Peer 1: 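Sharing a structure with you now.
The sequence lines fix the lettering, A, B, ..., with proteins before strands; numbering per chain opens at 1. Here the structure is a predicted model, which means the values were calculated and not measured.
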Amino acid sequence: MTVRTRFAPSPTGYLHIGGVRTALFNWLLARRHGGQFILRIDDTDTERNVAAALQPILDGFRWLGIHWDEGPEVEGPYGPYFQSQKLERYRQAARQLVAAGHAYPDLSTKEQLDTARKAAEAAKKPYIHRGPERDLAPAEAERLLAERPLPVRLKVPLGRKLVLQDRIRGAVEWQTDLISDPVILRADGRALYNFATVVDDVDLQITHVVRAEEHLTNTSVQLLVYEGLGLPPPEFAHVPVVCEPQSRKKLSKRDMKKFVTAEVRAKLRAVGFSDAEIDAQDNLNPATVAYYQELGYLPTALVNYLGRLGWSLDDKTEVIPLDQMIANFGLDRVKDSPASFDPDKLYWLAGEYMRVLPPAEKAAGCVPYLVRAGRVAEPLSGETQALVGRVIAACGDRLKLFSDILTYGGFFFTPEVRYDEAAFTKRVRKEGIPALLRDVAGVLGATNPFDAPAVEQALQQYCTAKGVKAADLNHALRVSVSGVPIGPGLYDILAILGRAETLRRLELALAR
RNA sequence: GGCCCCAUCGUCUAGCGGUUAGGACACAGGCCUUUCAAGCCUGCAGCCGGGGUUCGAAUCCCCGUGGGGUCACCA
């Protein structure tokens, strides 16, 4: 039997980190066993524009390289893949349950239900609804349903114990007497999640339902739907939820704005977002995939991080490239306790992946940030292309995210130097430094060739000869030509700028 | 509150009856060094508590405690 897994997002307008982790596990399981991964859209209850709200989700998965074998835009033999297109199918399945005596129309009014619920609450008892029509003969129930629109409820069998053999949690049990008869079809004919999801999983021939633990309780009802339909349930695996950083609380889809801290805002502004944009877009925060995409994280790093959150290969491996993850993934090594999301570790992994990325790919990833910041214009000239390559090489391991090109190498691409005042005061506005720089400008004017080794040699010779501390000179030079106290090696900086530009910037600094 | 799930360094995890409880991120210190990174070395830090079972428990059982999830004509 081929393994078929699925991920079923609601079109919310963003791809949530927690959701991706769940989707990734499904995808890995399918790939590991040569099966299929299906994307299905749970849009039964959405009023909003589904297409627009779905696009960011599809984009996110594509960016991550998590490709679906069936679903939106690729279709497949078991569609439709949108719940909104399966209304008639759900009605038909509900009728089947009614005819088999496993479901019934409920005449109770909302008021009656509310009253009963409140009474139960006041008595501190759980409210278990059993509609009076549940004992109607199937034919009678069908007649009632044909007469007028009524909600349909599942007839939960009495006095039974339900046992789920969860692939991650082991045996989980429920007493059916504690399960209220759930509505499976509204009076207007729309299906409810617990029912639609089962019908869909049946239609899509899903073999393994891997989903977040928050669905564990739902599984009892779903088990009963399978039973009523006369079908064997698939394998279930409930993975623990992903929690907020430094917390045990679920990384919630609600209230994601709270993750937009001052630090996060600064990072987004650094790549060109305005405060207005940050506030307006609900997908620009660290709980969504888009955030990492915008900051220039390598998608491979994010996938590695997420795959490693709640699953491990062994007792030591942290960097697990995708092919290795596919080859080794299994539900048996998925943890059964929640894990909190750790931005620091993700950042570290991003650096690990960036380090081994081929130069051409680094350049391709960095250029868009330079373009967006107005530092280079497209199409890039051959000269600019070469400059980008040299700057990236000089940045070396400092580059962890593509957007880091702005922090470490931005000054190469603009004639005006923006000075960090604190650094300028500390390194340049000092007794004797301006005179030193003027002197050194002469040395640099005579250095040939003007490449890193020659510049280094010339400056060191100068320092030795004049008894100048190399550090004092280098710091002053760095801040003078780049404006900032951090960045690539000084000799690389000077060589890349070239003699003329170096001397021009030196004059610029001395004129301040 | 009912039901269900969970519990090893701050965080991610290894461990599946006998280990000096291992690794990673973060943090601290050191080396290197023109800055910042990187790299290398060192350090800090953990089995929620209590009972059992056993020669022996982080590991098995029970009870607490704590955390989480879920209780809709949402998904």
Side-chain angles (χ1 to χ4, degrees), chain A residues 8-12 42-46 83 106 108 110 113 117 120-121 124-128 150-153 164 166 168-170 172-175 178-180 182-188 190-194 196-197 212-220 238 240-241 243 245-250 253 305 308-319 333 335-349 351 355 395-400 404 407-408 423 427 456 459-460 463 469-479 482 484-491 493:
Chain A
S10 291
T12 50
D42 282 11
D43 59 348
T44 51
D45 197 53
T46 32
Q83 289 193 327
D106 191 358
S108 312
K110 253 207 160 78
L113 288 172
R117 205 187 317 274
E121 223 164 89
K124 298 203 163 164
K125 292 248 196 148
Y127 176 62
I128 317 274
L150 288 170
V152 177
R153 282 184 190 269
L164 164 70
D166 191 90
I168 292 171
R169 261 144 241 291
V172 182
E173 303 182 350
W174 295 273
Q175 296 299 328
L178 266 18
I179 303 171
S180 198
V183 171
I184 57 174
L185 210 64
R186 297 175 175 96
D188 65 10
R190 285 147 71 216
L192 270 93
Y193 170 75
N194 269 331
T197 199
E213 190 195 338
E214 61 203 75
H215 288 288
L216 187 57
T217 315
N218 286 330
T219 312
S220 57
H238 287 90
V241 295
C243 299
Q246 304 290 315
S247 158
R248 295 266 70 124
K249 283 235 184 322
K250 189 177 88 164
K253 288 179 206 159
Y305 176 75
R308 189 58 191 66
L309 193 64
W311 173 82
S312 61
L313 176 59
D314 53 30
D315 60 340
K316 53 175 83 68
T317 316
E318 298 290 345
V319 180
R333 286 192 71 88
K335 275 274 276 194
D336 50 9
S337 56
S340 41
F341 182 75
D342 183 359
D344 287 335
K345 191 152 185 176
L346 168 56
Y347 182 66
W348 168 75
L349 261 177
R355 195 218 305 263
C395 285
D397 290 345
R398 293 170 188 82
L399 205 70
K400 292 184 171 189
D404 285 339
T407 351
Y408 294 114
R427 301 299 189 186
E456 176 172 8
L459 291 179
Q460 276 174 355
C463 286
K469 267 174 74 182
D472 288 340
L473 172 61
N474 289 341
H475 288 143
L477 272 174
R478 168 186 296 282
V479 175
S482 77
V484 290
I486 59 159
L490 176 66
Y491 311 121
I493 291 178

Peer 1: In whole Å, what separates the P atom of B:C25 from that of B:A21?
Peer 2: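 Nearest-Å result for B:C25 against B:A21 at atom P: 22 Å.
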Peer 1: Does the side chain of A:Lys250 get closer than 4.0 angstrom to OP1 or OP2 of B:U70 through an N or O atom?
Peer 2: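 For A:Lys250, the contact criterion (side-chain N or O under 4.0 Å from OP1 or OP2 of B:U70) is met.
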Peer 1: Quick one: is B:A14 close enough that its OP1 or OP2 comes under 4.0 Å of any side-chain N or O from A:Ser312?
Peer 2: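 Answer yes for this pair, as a side-chain N or O of A:Ser312 is under 4.0 Å from OP1 or OP2.
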Peer 1: Report the base-pairing partner of B:U20 (Watson-Crick or G-U wobble, both distances below 3.5 angstrom), or none.
Peer 2: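 Pair assignment: B:U20 / none.
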Peer 1: Quick check for you: among B:G69, B:C12, B:U35, whose closest atom lies nearest to any side-chain atom of A:Lys345?
Peer 2: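 Closest nucleotide among those given: B:C12.
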Peer 1: Respond yes when some side-chain nitrogen or oxygen of A:Arg190 is under 4.0 Å from OP1 or OP2 of B:A75, and no when none is.
Peer 2: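 No, A:Arg190 has no side-chain N/O under 4.0 Å of OP1/OP2 on B:A75.
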Peer 1: Between B:G23, B:G22, B:G39, spot the one nearest the side chain of A:Arg355, thanks.
Peer 2: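 For A:Arg355, the side-chain atoms sit closest to B:G39.
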Peer 1: Relative to the 5' end of RNA chain B, which residue comes earlier, A:Tyr193 or A:Val241, by the nucleotide with the nearest heavy atom?
Peer 2: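 Comparing both residues, the 5'-ward one is A:Val241.
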Peer 1: Phosphate oxygens OP1/OP2 of B:A75: is one of them under 4.0 Å from a side-chain N or O of A:Thr44?
Peer 2: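 Indeed, a polar side-chain atom of A:Thr44 lies that close.
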Peer 1: Out of B:U11, B:A24, B:U34, which nucleotide sits closest to the side chain of A:Glu318?
Peer 2: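 Given the options B:U11, B:A24, B:U34, the side chain of A:Glu318 is closest to B:A24.
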Peer 1: Using Watson-Crick or G-U wobble geometry with both distances below 3.5 Å, tell me the partner of B:G39, or none.
Peer 2: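 Paired with B:C31.
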Peer 1: For B:G2 versus B:C9, give the span between their P atoms, rounded off to a whole number of Å.
Peer 2: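 Straight-line distance between the two P atoms is 28 Å.
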Peer 1: Find the partner of B:G1: check Watson-Crick (N1-N3 plus N6-O4 or O6-N4) and G-U wobble (N1-O2, O6-N3) distances, both under 3.5 Å, and reply none if neither fits.
Peer 2: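 Its partner is B:C71 (Watson-Crick or G-U wobble, both distances under 3.5 Å).
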Peer 1: For the P atoms, the ones on B:G18 and on B:U59, what distance do you get once it is rounded to whole angstrom?
Peer 2: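 Comparing P positions in B:G18 and B:U59 gives a spacing of 11 Å.
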Peer 1: Given the P atoms of B:C44 and B:C62, what is the spacing between them in whole Å?
Peer 2: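 Taking atom P in both B:C44 and B:C62, they lie 37 Å apart.
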Peer 1: Does A:Lys249 place a side-chain N or O at less than 4.0 Å from the phosphate oxygens OP1/OP2 of B:G68?
Peer 2: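 Yes, because at least one side-chain N or O of A:Lys249 sits under 4.0 Å from OP1 or OP2 of B:G68.
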Peer 1: When rounded to the nearest Å, what value does the distance between P atoms of B:C36 and B:C27 take?
Peer 2: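 That atom pair is separated by 15 Å.
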Peer 1: Any idea which of B:A75, B:C73, B:U34 is nearest the A:His215 side chain?
Peer 2: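 Comparing B:A75, B:C73, B:U34 against the side chain of A:His215, the answer is B:A75.
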Peer 1: Kindly give the atom pairs (protein nitrogen or oxygen, nucleotide nitrogen or oxygen) under 3.5 Å for nucleotides 5-10 of chain B.
Peer 2:
from: B:C5; atom 1: O2'; to: A:Arg169; atom 2: NH1; distance (Å): 2.5
from: B:C5; atom 1: O2'; to: A:Glu213; atom 2: OE2; distance (Å): 3.0
from: B:A7; atom 1: OP1; to: A:Asp336; atom 2: OD1; distance (Å): 3.4
from: B:G10; atom 1: O2'; to: A:Gln246; atom 2: OE1; distance (Å): 2.9

Peer 1: Would you say the base of B:G68 and the side-chain of A:Glu214 have a donor-acceptor pair closer than 3.5 Å?
Peer 2: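 When only heavy-atom distances are counted, A:Glu214 does not reach the base of B:G68 through any donor-acceptor pair under 3.5 Å.
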Peer 1: Less than 4.0 angstrom from a charged side-chain N to a carboxylate O is my criterion; do A:Asp397 and A:Arg355 meet it?
Peer 2: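 So A:Asp397 pairs with A:Arg355 through a salt bridge.
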Peer 1: What contact category does A:Pro488 fall into here, base, sugar-phosphate, or nothing, at under 4.0 angstrom with non-hydrogen atoms?
Peer 2: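 The answer is base, as A:Pro488 lies within the cut-off (heavy atoms under 4.0 Å) of a base atom.
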Peer 1: Looking for any heavy atom pair under 4.0 Å, which part of the strands does A:Asp188 touch: base, sugar-phosphate only, or nothing?
Peer 2: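 A:Asp188: no heavy atom of the nucleic acid under 4.0 Å.
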Peer 1: Searching all strands shown, indicate the nucleotide that pairs with B:G56 (Watson-Crick or G-U wobble; both distances under 3.5 Å).
Peer 2: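 Result: none.
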Peer 1: Going by the rule side-chain contact (heavy atoms from CB on, under 4.5 Å), which residues pair with A:Asp472 if we only count those two or more places apart in sequence or in a different chain?
Peer 2: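 For A:Asp472, the residues satisfying side-chain contact (heavy atoms from CB on, under 4.5 Å) (neighbours in sequence not counted) are A:Lys430, A:Lys469.
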Peer 1: In the structure shown, which nucleotide is the Watson-Crick or G-U wobble counterpart of B:G66, with both distances under 3.5 Å?
Peer 2: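 Check on B:G66: paired to B:C6, both distances under 3.5 Å.
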Peer 1: Using heavy-atom distances to pick each residue's nearest nucleotide on RNA chain B, tell me which of A:Tyr347 and A:Lys124 is more 5'.
Peer 2: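 The residue closer to the strand's 5' end, by nearest nucleotide, is A:Lys124.
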